[in-house]
Amino acid sequence: MTITPHWFLPTTGDGRTIVERFHANRSLGPVAQREPTIDYLAQVARAAEQLGFEGVLTPTGTWCEDAWLTTAALIRETKRLKYLVAFRPGVISPTLAAQMAATYQRISGGRLLLNIVTGGDSIEQKRFGDFHDHDQRYARTDEFLTIARGVWSGEPFDFTGEHLSVEGATVLAPPDPVPPLYFGGSSPAALPVAARHADVYLTWGEPPAQVADKIRRVRELAEAQGRTIRFGIRLHTLSRDSSAEAWAEAQKLLDALSPEQVAKAQAQLAASESEGQRRMVALHGGGLDRGVRGLEIHPNLWAGIGLVRGGAGTALVGSHGEVADLIEEYHSLGIEEFVLSGYPHLEEAYWFAEGVLPELAHRGLLRGTRDQRSTLREERHVAAQ
């Protein structure tokens, strides 16, 4: 089992601080230093491809550019990079989503991955006309994914549920391949849905012990369904040539925050119905007074980003070797896919790819590197004889 690294497209804008955009509200700070133009996003996408990332996650929400349209515009900017498109199943027809995915696979040459975001913020959901409560949203997601997979079967599909119903649902041609489904959620309502439908279960970057417990629960639920699921984790990263340099950069991110900005963000995050968001907030305690190293909740795992950012709020911080150590620790628990990001996303992609990926390759944790190292050892052994 090797590691698959992914990067992130900053479709809300980008910059050198974490306060320019709040994940669900752009009222916390000034506009981004780098607007999410197609030219800038193409720079990030091309860099991710060149540096060896498998795909790029593209977020969904009020303050993001639309993920489907943005990534479709970037297909011809890249050759092999995959696009992990986040979307909310409650605001689109399942048959239409299945059709969009099938078309996307044909025009991209099979480069679509789908990130199912059920939604944990009722205020944002209502903006899109969704008035379901938390558990109803997951029940609807269950029905949505049942329909989507039925449509992709290539045969007319009928389904009657509590929330969604279709008759004769089909598409011009099934997607080839069927896009893998990435799915997150930590609540009792979410985990059974993940077990039934997810190809990759994604968790936010909690400490390894908490991640291990979540993996165990999801794996048990999936096995009861006769399914096997892969596991991934969503993290930020701040890696430098030395640990001191990395923590100095983390301090700069913290110095750019004011107590007022943190308080406003935490008040908004407290209203979220997401169990995963609640767990993120619990990691940092909501204040700046702990200092940069006081927000280190596990060796080289930093919760400072979650002070003002919703969703993924932790970062891998340290030297390239230290960051690789923590990735290897998560990998030992069963995490195969790492969906990463950093501020700014263009520069941090280079820091991680040029610093950490070689470390992981040296340890045989990247695809093909273990075989390459074994072959090299065999060649050297033959040459020595």
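Computed from a prediction, not measured in an experiment: that's the story for all the values here.
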ask   = Do the two ring centres, one from His197 and one from Phe183, sit under 6.0 Å apart?
value = no
request  = Grab the two heavy atoms, one from Ile335 and one from Gly232, that are nearest each other, plus how far apart they are.
outcome  = CD1-O, 3.9 Å
inquiry  = Hydrogens and angles aside, do Tyr104 and Thr71 bring a side-chain donor and acceptor to less than 3.5 Å of each other?
reply    = yes
message = Could you go through Val85 and Leu113, starting from their C-alpha distance and side-chain angles, then the distance that decides it, and tell me whether this counts as side chain to side chain contact (heavy atoms under 4.5 Å, CB included)?
response = CA-CA 6 Å; Val85 174; Leu113 313 171; over 6 Å; no
query = Going by an N to O cut-off under 4.0 Å, is there a salt bridge joining Arg293 and Glu296?
reply = yes
request  = Take Glu220 and Arg216 through the test salt bridge (charged side-chain N to carboxylate O under 4.0 Å, His left out) and record every step on the way to the result.
outcome  = CA-CA 6 Å; Glu220 288 175 354; Arg216 176 189 57 78; 3.5 Å; yes
task = Could you tell me whether the side chain of Glu65 and the main chain of Pro36 form a donor-acceptor pair under 3.5 Å?
result = no
ask   = Does a side chain donor of either Asp14 or Tyr40 reach within less than 3.5 Å of an acceptor in the other side chain?
value = yes
ask   = Between atom CG of Leu81 and atom CD of Glu54, what is the distance when rounded to the nearest 0.5 Å?
value = 8.5 Å
inquiry  = Looking at every heavy atom in both Pro179 and Trp152, which two are closest together, and how far apart are they?
reply    = CG-CH2, 3.8 Å
Sidechain N-carboxylate O distance under 4.0 Å for Glu347, Arg16 = yes
inquiry  = Looking at Ser319, is its backbone amide N or carbonyl O close enough to the side chain of Ser243 to form a donor-acceptor pair, meaning the two atoms are under 3.5 Å apart?
reply    = no
query = What are the two closest heavy atoms between Val317 and Ala250, and how far apart are they?
reply = CG1-CB, 4.4 Å
message = Quick check for you: to the nearest 0.5 Å, what is the distance between Glu155 atom CD and Thr170 atom OG1?
response = 7.5 Å
ask   = Salt bridge check: are Asp199 and Arg230 linked by an N-O gap of less than 4.0 Å?
value = no
message = Which heavy atom of Gly154 sits nearest to which heavy atom of Pro174, and what is that distance?
response = CA-CG, 3.6 Å
query = If you measure from the Lys or Arg side-chain nitrogens to the Asp or Glu carboxylate oxygens, is any gap between Arg227 and Glu223 under 4.0 Å?
reply = no
request  = Check the hydrophobic clustering (I, L, V, M, F, W, Y; side-chain heavy atoms under 4.5 Å; chains of links allowed) and say if Val117 and Tyr83 are grouped together.
outcome  = no
ask   = Run the side chain to side chain contact (heavy atoms under 4.5 Å, CB included) check on Leu357 and Leu51 step by step: do they pass?
value = CA-CA 9 Å; Leu357 288 185; Leu51 293 167; 5.6 Å; no
Pair Glu245, Ser242: side-chain N/O donor-acceptor within cut-off below 3.5 Å = yes
key: Arg367 side chain vs Thr2 backbone, donor-acceptor pair below 3.5 Å   = no
request  = Measure from the side-chain N and O atoms of Thr70 to the backbone N and O of Ala67, and report whether any donor-acceptor pair falls under 3.5 Å.
outcome  = no
request  = Please state whether the rings of Trp7 and Phe53 are parallel, tilted or perpendicular, taking 30° and 60° as the class boundaries.
outcome  = tilted
message = For a side chain to side chain contact (heavy atoms under 4.5 Å, CB included) check, start with the C-alpha distance between Glu206 and Ile233, then their side-chain angles and the critical distance, and finish with the verdict.
response = CA-CA 9 Å; Glu206 298 174 2; Ile233 194 166; over 6 Å; no
ask   = Which residues pass the side-chain contact (heavy atoms from CB on, under 4.5 Å) test with Val166, sequence neighbours left out?
value = Thr95, Ile147, Phe157, Phe159, Ala169
task = Report the distance from atom CG of Leu181 to atom CG of Leu145, rounding to the nearest 0.5 Å.
result = 6.0 Å
inquiry  = Can you confirm whether Lys82 is buried at NZ, in the sense that more than 12 heavy atoms of other residues, nucleotides or ligands lie under 6.0 Å from that atom?
reply    = no
ask   = Do Thr118 and Arg137 meet the criterion of a side-chain donor-acceptor pair at a distance under 3.5 Å?
value = no
query = Where is the tightest heavy-atom contact between Glu348 and Gly342, given as atom of each residue plus distance?
reply = CG-C, 3.7 Å
query = Can you tell me how far OG1 of Thr103 sits from CG of Leu172, rounded to the nearest 0.5 angstrom?
reply = 7.5 Å
message = Is there a path of hydrophobic side-chain contacts, each under 4.5 Å between heavy atoms of I/L/V/M/F/W/Y residues, joining Leu326 to Trp204?
response = yes
task = For the pair Tyr201 and Phe231, name the ring-plane relationship: parallel under 30°, tilted 30 to 60°, perpendicular over 60°.
result = perpendicular
Pair His320-Arg240, side-chain donor/acceptor within less than 3.5 Å = no
task = Using only heavy-atom distances, determine whether the side chains of Glu329 and His298 contain a donor-acceptor pair under 3.5 Å.
result = yes
inquiry  = Students often mix this up, so state it plainly: with edges at 30° and 60°, are the rings of Trp302 and Trp247 parallel, tilted or perpendicular?
reply    = perpendicular
request  = Please determine, by modelled atom types, if Gln43 and Asp39 share a side-chain donor-acceptor pair under 3.5 angstrom.
outcome  = no
ask   = Looking at side-chain heavy atoms only, is the closest gap between Tyr182 and Ile116 below 4.5 Å?
value = no
inquiry  = I'd like to know if the side chain of Glu337 pairs up with that of His6 as donor and acceptor (distance under 3.5 Å, no hydrogens or angles considered).
reply    = yes
ask   = Ile215, Phe338: one ILVMFWY side-chain cluster at the under-4.5 Å cut-off?
value = yes
task = Measure from the ring center of His236 to the ring center of Phe8 and say whether it is less than 6.0 Å.
result = no
task = Give a yes or no answer on whether the side chain of Asp158 reaches the backbone of Gly168 with a donor-acceptor pair at less than 3.5 Å.
result = yes
query = Would the number of heavy atoms belonging to other residues, nucleotides or ligands and lying under 6.0 Å from CZ of Arg80 be above 12?
reply = yes
ask   = What's the verdict on side chain to side chain contact (heavy atoms under 4.5 Å, CB included) for Leu112 and Trp68, showing C-alpha distance, side-chain angles and the deciding distance?
value = CA-CA 10 Å; Leu112 175 65; Trp68 289 99; 4.2 Å; yes
message = Between Ser341 and Arg234, is there a side-chain donor-acceptor contact under 3.5 Å, judged purely by atom types and distance?
response = yes
ask   = Between CD1 of Ile305 and CD1 of Ile18, what distance do you get to the nearest 0.5 Å?
value = 5.5 Å
request  = Nearest 0.5 Å please: distance from the CD atom of Glu359 over to the CD atom of Glu322.
outcome  = 10.5 Å
Shortest non-hydrogen separation from Leu9 to Ala45 and the atoms involved = CD2-N, 4.1 Å
